Amino acid sequence: METIAADTGRVRVRFSPAPSGSLHVGSARTALFNYLFARRHGGTFILRIEDTDQSRSRDEWARAIEDALGWLGLNYDEGPVFQSQRTEEYRRAADDLLTRGLAYECFCTEADIKARSATSTQPDQTPGYDGFCRDLTPEHRGQAKAAGKTASLRFRTPDTGVSRFTDAIRGEVRVEWSSIPDFVIVRADGNPLFYLANAVDDLAMEITHVIRGEDLIDSTHRVLVLRAAIASTPPPVYAHLPLILGPDRAKLSKRHGAVALEEFRSAGYLPEAVANYLALLGWSPKDGREIMDLDEVVAEFGLDSVTHAAAAFDHDKLDWVNGEWIRRLTLGELEARIRPLADARFGERLDPEIFRAALAVGQERAVTLVELLAQMDFLFAGDEFSISDEAWAKVTGTDQVEAVLTVVVAHLADCEWTIEGVDLRSPLSEAGFKVRKVMPAIYACIEGRPSGLPLFDSLVLLGREVAIERVAAVQERLAGTV
RNA sequence: GCCCCCAUCGUCCAGCGGCCCAGGACGCCGCUCUUUCAAGGCGGUAACGGGGAUUCGAAUUCCCCUGGGGGCACCA
């Protein structure tokens with residue numbers, strides 16, 4: 001039977017995560033590439049939740065994954081399809097395979113298998129299954145069941161020959177069947193396993209291209225042989241993406257910092273930037289552009305230009321991309337994006353007017369939204385304003401600070417309260433101070449940190465009264481110290 | 001242990017037999033701009049893992065080694 005997909009040549013891809021945790025950047029990249037491919041070819045992008053393992057799956061994780069995809073801007077056209085609701089489909093396929101002798105009941109427990117391999121004459125052999133129940137007679141099976149044993153279902157893999165498939169980005173991949181043991185397709189409790197559900201669903205959903213991580217490359221042979229046993233429909237094209245490693249080229253983990261998409265979000269990264277960076281990890285446009293939005297990437301995306309080697313996640317480069325994106329937003333867009341984070345950080349103390357103005361001066365220097373907010377702490381800290389040790393060192397490390405601050409207070413007390421009026425350069429140099437030398441100390445008094453928003457803009461936003469108070473507080477502290 | 005995939009600057013990529021004593025980006029280092037720190041501008045540092053083979057000619061093709069990653073679950 002020809003499928004609609006085959007008839008029209010329509011591309012249908014799916015992102016199929018297991019809801020056993022929030023969306024990991026590696027999975028996000030896989031989702032992204034599926035999305036890009038679908039959009040590039042006017043195809044359909046489907047979300048399928050692979051939750052056949054009851055013990056590891058949780059609804060809240062499925063929701064978290066959907067949220068993360070939405071945040072990234074990867075909207076799907078179909079789904080989510082939950083495999084846990086399609087158990088009957090898998091069971092029917094499994095029964096058929098059993099009936100046809102392509103699969104068999106296995107009564108071995110994990111402990112049985114482990115025990116046998118431990119006493120094997122050839123220790124350290126392949127950790128897989130040894131085929132113990134492969135040719136059990138009906139009598140044996142009857143005895144096992146009578147003894148109360150439950151059976152899992154194993155697929156009988158070929159003993160000889162080679163399994164091969166052509167990977168869209170790696171070319172032909174081949175492996176000897178002898179290295180692939182009979183594998184379980186239905187658990188003893190009746191629930192299907194990944195291989196089965198995967199084969200059945202890709203068939204049922206008429207998936208044309210399977211784009212996933214390279215960690216699944218070896219499982220392809222199993223899914224393919226299973227699929228062929230279930231139906232004669234031509235298999236989809238497989239494309240295995242290079243994995244994303246940590247900066248040290250080891251498996252990317254929490255140890256390397258943020259790994260869940262949600263963490264990047266709360267750390268102040270823009271979805272455009274994360275998607276942009278992820279697209280560049282393993283792919284690049286012909287002209288070498290770096291900063292691109294999703295549509296621009298879609299316009300040029302192709303599996304043939306995907307890299308083969310695993311890539312190390314580079315936080316520095318992500319930071320740069322994020323900064324570029326922050327600068328690309330209009331002030332209004334930036335404000336809309338950062339507002340939730342700002343409310344969480346400053347609450348009632350946030351003054352919308354001042355906030356917007358501060359945003360304007362901070363936009364051109366920010367790396368992340370959170371970092372941008374941190375630069376505004378001095379504006380909305382209220383009574384909790386304090387000077388960091390690092391900043392205080394700038395104060396005490398400046399020659400004649402007291403005299404400098406006296407000049408500062410004098411000027412701030414009766415200058416015009418505008419960017420120009422608040423300019424301390426003239427009064428300072430007229431008093432004989434080197435502006436560049438003395439600036440850090442003044443900066444520290446006002447903003448409490450060694451770096452951040454430009455001083456004169458900051459003074460204007462802070463207001464004359466508070467500004468003078470802060471300098472005065474430092475003068476008192478210095479007097480008390482001396 | 002066995003199997004699979006991969007291999008260009010510190011990192012991400014370009015390169016698909018001559019245009020390459022290898023190009024771009026991040027980082028890093030200078031310089032510049034400058035009211036702190038950034039951002040910006042300019043410049044610099046830095047790589048084809050090793051050995052064979054094919055060829056008039058290899059970063060580019062083939063083989064071996066080495067190295068890195070992944071897999072070998074009643075996880076996906």
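Since the model is a prediction, treat every value here as computed from it, not as a measurement. Below, chains carry the letters A, B, ... as their sequence lines are ordered, and counting in each starts from 1.
Atom CZ in A/Arg212 sits about 14 Å away from atom C1' in B/C4, given to the nearest Å. Between the C1' atom of B/C6 and the CG atom of A/Asp215 lies a distance of 14 Å, rounded to the nearest Å. Distance A/Arg222 CZ to B/G71 C1': 9 Å, rounded to the nearest Å. Distance CZ (A/Phe313) to C1' (B/G10): 17 Å, rounded to an integer number of Å. Here the P atom of nucleotide B/C4 and the CD1 atom of A/Ile217 are 11 Å apart, to the nearest Å. With rounding to whole Å, A/Leu252 atom CG is found 13 Å from B/G69 atom P. Between A/Asn322 atom CG and B/C12 atom C1' the separation is 17 Å, expressed in whole Å. Rounded to an integer number of Å, the gap from A/Lys317 NZ to B/C12 P is 10 Å.
In this structure, A/Arg56 reaches the bases: a heavy-atom distance under 4.0 Å links it to at least one base atom across the strands shown. Residue A/Gly282 is classed as a sugar-phosphate contact, given heavy-atom separations below 4.0 Å to backbone atoms only. Across all strands shown, A/Cys108 has heavy atoms under 4.0 Å from base atoms, whether or not it also approaches the sugar-phosphate.
Taking both residues in full, the closest heavy atoms of A/Ile207 and A/Pro236 are given as O-CB, 3.4 Å, listed atom of the first, atom of the second, then distance. What you find for A/Leu303 and A/Ile169 is that their closest heavy atoms are O-CG2, 3.3 Å.
The base of B/A76 lies close enough to the side chain of A/Tyr195 for a donor and an acceptor atom to sit less than 3.5 Å apart.
Aromatic pair A/Phe155/A/Tyr195: ring centres not closer than 6.0 Å.
Nucleotides B/A59 and B/G51, compared at atom P, are 12 Å apart to the nearest Å. B/G24 and B/C33 have their P atoms separated by 26 Å, given to the nearest Å. Rounded to the nearest Å, the gap between the P atom of B/G10 and that of B/U66 is 23 Å. If you take atom P in B/A58 and the same atom in B/C6, they sit 25 Å apart, rounded to whole Å. B/C3 and B/U8: their C1' atoms are spaced 28 Å apart (whole Å). One C1' atom belongs to B/C4, the other to B/G41, and the distance between them is 49 Å to the nearest Å. Look at the P atom in both B/C48 and B/C21: the space between them is 14 Å, to the nearest Å. Using P as the reference atom, B/A14 and B/G23 are 16 Å apart when rounded to the nearest Å.
The side chain to side chain donor-acceptor pair (under 3.5 Å) test with A/Tyr90 singles out one residue from A/Asp95, A/Asn191, A/Asp201, and that residue is A/Asp201.
Here the CZ-CG distance, from A/Phe385 to A/Asp377, works out to 10.0 Å after rounding to the nearest 0.5 Å.
Between B/G27, B/C4, B/U11, one nucleotide has an atom nearer to the side chain of A/Asp316 than all others, and that is B/G27. Taking the side chain of A/Val173 as heavy atoms from C-beta on, and the options B/C5, B/C13, B/U11, the nearest nucleotide is B/C5.
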Open item on the list: Does the protein touch nucleotides 60-68 of chain B at the base, only the backbone, or not at all? Give it as B, S and - per nucleotide, heavy atoms under 4.0 Å.
Closed with: ---------
Open item on the list: Return a single string for nucleotides 36-41 of chain B, one symbol per nucleotide in 5' to 3' order, where B is base contact, S is sugar-phosphate-only contact and - is none, cutoff 4.0 angstrom on heavy atoms.
Closed with: BBBSS-
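A cation-pi arrangement is absent between A/Arg86 and A/Phe82, since the terminal nitrogen or guanidinium carbon is not both under 6.0 Å from the aromatic centre and inside a 45° cone about the axis.
Under the 4.5 Å side-chain criterion, counting only non-hydrogen atoms from C-beta, A/Glu371 is not in contact with A/Asp319.
An OP1 or OP2 oxygen of B/G71 is reached within less than 4.0 angstrom by no side-chain nitrogen or oxygen of A/Lys251. Neither OP1 nor OP2 of B/C12 sits under 4.0 Å from any side-chain N or O of A/Thr307.
With A/Ser152 contributing its side chain and A/Ala188 its backbone, the two residues share no donor-acceptor pair below 3.5 Å.
Screening residues 273-284 of chain A for side-chain hydrogen bond (donor to acceptor under 3.5 Å, both in side chains), with sequence neighbours left out, gives A/Asn276-A/Trp325, A/Trp283-A/Ser305.
Near-neighbour residues of RNA chain B inside residues 183-190 of chain A, defined by a heavy atom below 4.0 Å, number-ordered: A/Val184, A/Arg187, A/Ala188. Contacts between residues 150-160 of chain A and RNA chain B, defined by a heavy-atom separation below 4.0 Å, involve A/Ser152, A/Arg154, listed by number.
A perpendicular orientation is assigned to the rings of A/Phe301 and A/Phe37, their planes being inclined by more than 60° (bins at 30° and 60°).
For A/Glu60, the side chain to side chain donor-acceptor pair (under 3.5 Å) partners two or more places apart in sequence, or in a different chain, are A/Arg58.
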